[in-house]
Amino acid sequence: MSEAMERGNLWVVSAPSGAGKTSLVRELVAHEPRLSFSISYTTRPPREGEVNGRDYVFVDEDRFVAMIDAGEFLEHAQVFGNRYGTARGQVDRELAEGHDVLLEIDWQGARQVRTMMPEGRSIFVLPPSREELERRLRGRGTDSDGVIERRLREAHAELLQWSEFDYAVINDDFHRALADMQRIVAGEGSNLKASRPAVGELAERLLAETPE
Ligand code: GDP
Ligand code: ADP
Ligand code: 5GP
């Protein structure tokens, strides 16, 4: 019996830094064996507790530029002063093997992927308020004050993109948000479209609360 292998689905998750996307994605992938997390390359130094090859592949500037020149990235972008990129090889292989793949990337990368792989679906994660976003960034305890200020400043640019996404999850109660993510990747996210009024209202409020 030779049945053509069905290609996996591509999911893109973006959010302002501190919204909780890494925590949600980590739990989601742990609960969903058919979902593979795409491990990005970055020039950012590892945070305490991050493991090379698990959280990111940590590389220097020269290696990153060599990979760009060799066409190895599906997408790449400069984010908060560091470079981040998704290697093409792993994603193509997983999709061809029929696995679903999840990319946790910024809005610039999401835009590149949307152009190249329009069949992919995207999820935007929103914090419940700007105050809570700052509390989470500070509470995480991984970044200096300067880095936190920069991430809060750039939250506005990320938030401006919310309507480009197919689905949106409000990360207020973590377990509720996780259940929403699970419904979306199971193809049961019709009530969680980014176009629903609650999302637009929250996004506008967050944009008003974050400086440009
Ligand atoms: P986080 O925002 O707290 O998760 O901090 P990180 O330093 O881990 O990531 C910073 C930003 O880079 C986030 O917006 C990530 O979504 C984004 N990012 C991570 N990997 C990639 C990637 O491979 N490509 C792109 N374009 N962005 C990435
Ligand atoms: P991101 O990857 O979007 O920058 P993280 O997943 O690192 O965000 O989350 C930022 C911080 O907020 C972490 O300390 C995390 O434990 C915490 N956090 C995430 N989701 C929630 C939530 N729903 N309620 C309270 N704290 C949360
Ligand atoms: P309400 O149901 O009154 O709109 O929202 C109640 C709470 O749930 C609010 O704090 C809101 O931020 C949050 N919330 C609203 N919609 C969603 C959603 O789709 N997913 C999640 N996780 N939280 C939501």
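The analysis underlying the following values was restricted to heavy atoms, covering all of them including side chains, and did not include hydrogens, waters or symmetry mates. Just so it is clear, the structure is predicted and the values come from calculations on it, not from any experiment.
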- Heavy-atom donor-acceptor pair, R140 side chain to L137 backbone, under 3.5 Å: no
- Message: Testing the 3.5 Å rule here: is there a donor-acceptor pair between the side chains of R44 and T42?
- Response: no
- Are E131 and R135 ion-paired here, with the side-chain N under 4.0 Å from a carboxylate O? yes
- Query: Judged by atom type as modelled, is there a donor-acceptor pair below 3.5 Å linking the side chain of R130 to the main-chain atoms of L152?
  - Reply: no
- Message: To check you understand the geometry: which heavy-atom pair defines the closest contact between L178 and L28, and what is its length?
- Response: CD1-N, 3.7 Å
Acceptor/donor pairs from residues 7-15 side chains to any protein atom, 3.5 angstrom cut, sequence neighbours excluded:
unit_1 : atom_1 : unit_2 : atom_2 : d
S14    : OG     : I105   : O      : 2.7

- What about L133 and L160, same hydrophobic cluster or not, with Ile/Leu/Val/Met/Phe/Trp/Tyr joined at side-chain heavy-atom distances under 4.5 Å? no
- Provide the closest heavy-atom pair for L206 versus P127 in the form atom of the first, atom of the second, distance. CD1-O, 3.5 Å
- Is any side-chain heavy atom of L159 less than 4.5 Å from a side-chain heavy atom of L126? yes
- Query: Do the side chains of I39 and V29 join up, straight or via other hydrophobic residues, at under 4.5 Å, putting them in one cluster?
  - Reply: yes
- Message: Is there a path of hydrophobic side-chain contacts, each under 4.5 Å between heavy atoms of I/L/V/M/F/W/Y residues, joining Y84 to I68?
- Response: no
- Item | Check against side chain to side chain donor-acceptor pair (under 3.5 Å), S40 and E104 | CA-CA 8 Å; S40 294; E104 190 189 321; over 6 Å; no
- Query: Considering the options R136, E158, E154, R151, which one meets the side chain to side chain donor-acceptor pair (under 3.5 Å) requirement together with S17?
  - Reply: R151
Using a 3.5 Å cut-off and no angle test, enumerate the donor-acceptor pairs between side-chain atoms of residues 57-66 and protein atoms at least two apart in sequence or in another chain.
unit_1 : atom_1 : unit_2 : atom_2 : d
D60    : OD1    : D62    : N      : 3.4
D60    : OD1    : R63    : N      : 2.9
E61    : OE1    : R83    : NE     : 3.3
E61    : OE2    : R83    : NE     : 2.8
E61    : OE2    : R83    : NH2    : 3.1

- Message: Starting from L207, can I reach I170 by hopping between I/L/V/M/F/W/Y residues whose side chains sit under 4.5 Å apart?
- Response: yes
- Message: K21 vs L24, test: side-chain contact (heavy atoms from CB on, under 4.5 Å). Steps then yes/no.
- Response: CA-CA 5 Å; K21 64 188 172 303; L24 286 169; 5.7 Å; no
- Item | Side-chain (H31) to main-chain (E27) donor-acceptor, under 3.5 angstrom | yes
- Would F37 and Y41 show up in the same hydrophobic cluster when neighbours are defined by side-chain heavy atoms closer than 4.5 Å? yes
- Message: For the backbone of S36 and the side chain of H99, can you confirm whether one donor and one acceptor N or O come within less than 3.5 Å of each other?
- Response: no
- Task: Output all residues satisfying ring-ring contact (aromatic ring centres under 6.0 Å, His included) with H76, sequence neighbours left out; order by chain, then residue number.
- Result: F73
- How about E188 and Q182: do any of their side-chain heavy atoms sit closer than 4.5 Å? no
- Can any side-chain N or O of N171 pair as donor or acceptor with the backbone N or O of V125 at less than 3.5 Å? no
- Keeping the roles fixed (side chain from Q112, backbone from L74), state whether a donor-acceptor pair exists under 3.5 Å. no
- State whether the side chain of E75 and the backbone N or O of V113 hold a donor-acceptor pair below 3.5 Å, judged by distance alone. no
- Please say which of R150, R47, R138 ends up in a salt bridge (charged side-chain N to carboxylate O under 4.0 Å, His left out) with D143. R47
- Item | Short side-chain to backbone donor-acceptor contact, D166 and S122, under 3.5 Å | yes
- Could you check W107, F165, Y167, W162 and say which one makes a ring-ring contact (aromatic ring centres under 6.0 Å, His included) with F124? F165
- Output, in order, the C-alpha distance, side-chain angles, deciding distance and verdict of salt bridge (Lys or Arg N to Asp or Glu O under 4.0 Å) for R121 and D100. CA-CA 11 Å; R121 289 292 167 263; D100 294 348; over 6 Å; no
- Query: With a 4.5 Å limit on heavy-atom distance, are the side chains of L192 and V169 in contact?
  - Reply: no
